[in-house]
2 protein chains.
Amino acid sequence: MPRTAAPPDAADTSLRQQVYASLREALTSGRFAPGQKVTFRYVAGELGVSLTPVREAMRRLVAEGAFEMNPNRSVRVPLMTRDKVLELRDIRMELEGLAAAKAALAATRNQIAGIRRAAREIIVARNRGDGATDRQKVREFHFAVYAAAGQPTLLRLIEGLWLQTGPYMNLLYPDFISSSRGPAGRQRLIEALEVRDATAARREMETDIRRALSYVADLADENGNIAPAAPATAGKRRSQPTTAAAFELQAN
Amino acid sequence: MPRTAAPPDAADTSLRQQVYASLREALTSGRFAPGQKVTFRYVAGELGVSLTPVREAMRRLVAEGAFEMNPNRSVRVPLMTRDKVLELRDIRMELEGLAAAKAALAATRNQIAGIRRAAREIIVARNRGDGATDRQKVREFHFAVYAAAGQPTLLRLIEGLWLQTGPYMNLLYPDFISSSRGPAGRQRLIEALEVRDATAARREMETDIRRALSYVADLADENGNIAPAAPATAGKRRSQPTTAAAFELQAN
DNA sequence: AATGCAATTTTGTGATCACAAATCCCACGA
DNA sequence: TCGTGGGATTTGTGATCACAAAATTGCATT
């Protein structure tokens, strides 16, 4: 079937957008291993669509740095190196620090309440030992702050940066959580938002990011590589166990 | 013809990449007016290629914010508003300030020489009243600094931001240049790079960007719009003078 | 002259086809 | 046992086709 009509309202229901959302979700939830090759036809087959929307979605992800492309024109999940982590750390400190500062000046009472709620849910999930929910809520907490800044371009840039660190934050979560210093920093950040102290909000956000990504950088081996040099191909020639669960089209 | 072989070396010779480069050039050189509608078929016809590479190139530019897409799925050059300029100003101060600081720590003697050369060429062009060369050299000066930072992800982000401000910097150049404070700031920046003073380099870069974009923001009318609310369509139905020179495929 | 409204054209989207470059596989020989 | 070469397969790229939603035009009526 060539197409299905577009509902009157609803944001973007194009297949391209759904494929994009699906791949994003697959990346942030760690469904693809770093270094893994991902072919257009594999994704198209998995999602039951033609190559066209897959190509556009994957090209966009390549442009965003979530995938990388060999000179031999094959697409893979980027391998992380110490240098790249340190670069991302410094960029994120700037941009997410800026967003926190803006949020301190602009956040509404409702937005602060939402941020506080996310902070509570992190504690609950962590006490239960529920890693998946923990990570999800940490993400919600951060993006609730960034959304409160009310700067759409800034938000878009930050989303792109999270997408690049995403697969690794999942992979390294166990090591990572054990070094966490707990909810004190988030509490101080929330207080800074309440009293409109942009400088303090920025400082707390920068400190949090510096700690997290410096920790990740220290996990690098002597060659500067961070995760397993795991090859793996998702294009499956030679059956391949296909242990990874197939992913599905996301409605956006 | 379906394809032409790819040279052994050379970066990316795909049509998609060439179309992307062509549109980028057209945007930064002000060949498209803000608010102008740009259709896939128009670009494809102008460049003599099929829709496929044009779609991929333009979608990427939409993702980067260089084009924007109506809910009715038509692509246009974004209109600039005061709020957007101020947001871009603050983001660029952070990122380009960071790049300048990193450049101060990492720039080689050769790189500094190249930066100094660009600074000289700005002066020459400006004295000649050659606006086009002036703008080009200003761009080269800045990107020579950013390249010296040696941070590929940071460089990519900055390029995306310049692409968003690009069409307007051209449009507003005459007003803009009259308010410029001359080469003193660039000279101080170069000196900071030479003595490896990251703090001073960052300060100079931030000051430069703040001044330039604050000036642009002040050009907004009472509605917050900056450039002409010029409609215009490049899809040309109803002949249209077609004053704009056709643009060409770029080799990268 | 202004305003609806239907017919026509334009335009974005997705599927499919053709082709060449990469990659893989397997047999063959040192 | 370890390359090595050549044929088969996979895979990205670009062109083309089909279709529906939008935009535009043309005409009729007030």
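Chain naming here is simple, since letters A, B, ... match the order of the sequence lines and numbering starts at 1 in each.
A straight line from CZ of B:Arg41 to P of D:dG14 spans 18 Å, rounded to a whole angstrom. Atom CZ in A:Phe67 sits about 11 Å away from atom P in D:dG12, given to the nearest Å. At whole-Å resolution of the value, CD in A:Gln18 and P in C:dT13 are 13 Å apart. The separation between B:Glu56 atom CD and C:dG12 atom P is 15 Å, rounded to whole Å. In this structure, B:Leu51 places its CG atom 11 Å from P of C:dT13, rounding to the nearest Å. Following rounding to the nearest Å, A:Asn70 (CG) and C:dA22 (C1') show an atom-to-atom distance of 11 Å. As rounded to whole Å, 14 Å separates atom C1' of C:dA22 from atom CZ of A:Phe40. In this entry the distance linking OH of B:Tyr42 with P of D:dA23 reads 20 Å, nearest Å.
Taking both residues in full, the closest heavy atoms of A:Lys102 and A:Gln151 are given as CE-OE1, 3.8 Å, listed atom of the first, atom of the second, then distance.
Classified by interplanar angle (parallel below 30°, tilted 30° to 60°, perpendicular above 60°), the ring pair A:His142/A:Tyr146 is tilted.
Comparing B:Ser74 and A:Ser74 by the nucleotide of DNA chain C whose heavy atom lies nearest to each, the residue mapping closer to the 5' end is B:Ser74. Sequence order on DNA chain C of the closest nucleotides to B:Val75 and A:Pro53 puts B:Val75 first from the 5' end.
For A:Arg16 against C:dG14, no side-chain N or O and base N or O form a donor-acceptor pair under 3.5 Å. For C:dG12, its base never sits under 3.5 Å from the side chain of B:Arg55 at any donor and acceptor pair.
Interatomic distance, OG of A:Ser214 versus CE of A:Met93, reported as 8.0 Å (0.5 Å rounding). Going from atom CE of A:Met58 over to atom CG of A:Leu51 covers 10.5 Å, rounded to the nearest 0.5 Å.
Applying the 4.0 Å criterion to OP1 and OP2 of C:dA21, one finds that A:Arg73 has every side-chain N and O outside that range. Note on A:Asn72: every side-chain N or O is 4.0 Å or more away from OP1 and OP2 of C:dA21. Side-chain N/O atoms of A:Ser50 include one lying less than 4.0 angstrom from OP1 or OP2 on C:dA15. Contact annotation: B:Arg59 side-chain N/O to C:dG12 OP1/OP2 distance is not under 4.0 Å.
Remark: B:Arg24 is not positioned above the aromatic ring of B:Trp162, lacking an NZ or CZ atom under 6.0 angstrom from the ring centre and at most 45 degrees off the axis.
Set against C:dT11, C:dT16, D:dA15, the side chain of A:Thr52 has C:dT16 as its closest nucleotide.
Across all strands, A:Met58 comes closer than 4.0 Å to no nucleic acid atom at all (heavy-atom distances). Within 4.0 Å of A:Ser14, counting heavy atoms only, lie sugar-phosphate atoms of the nucleic acid but no base atom.
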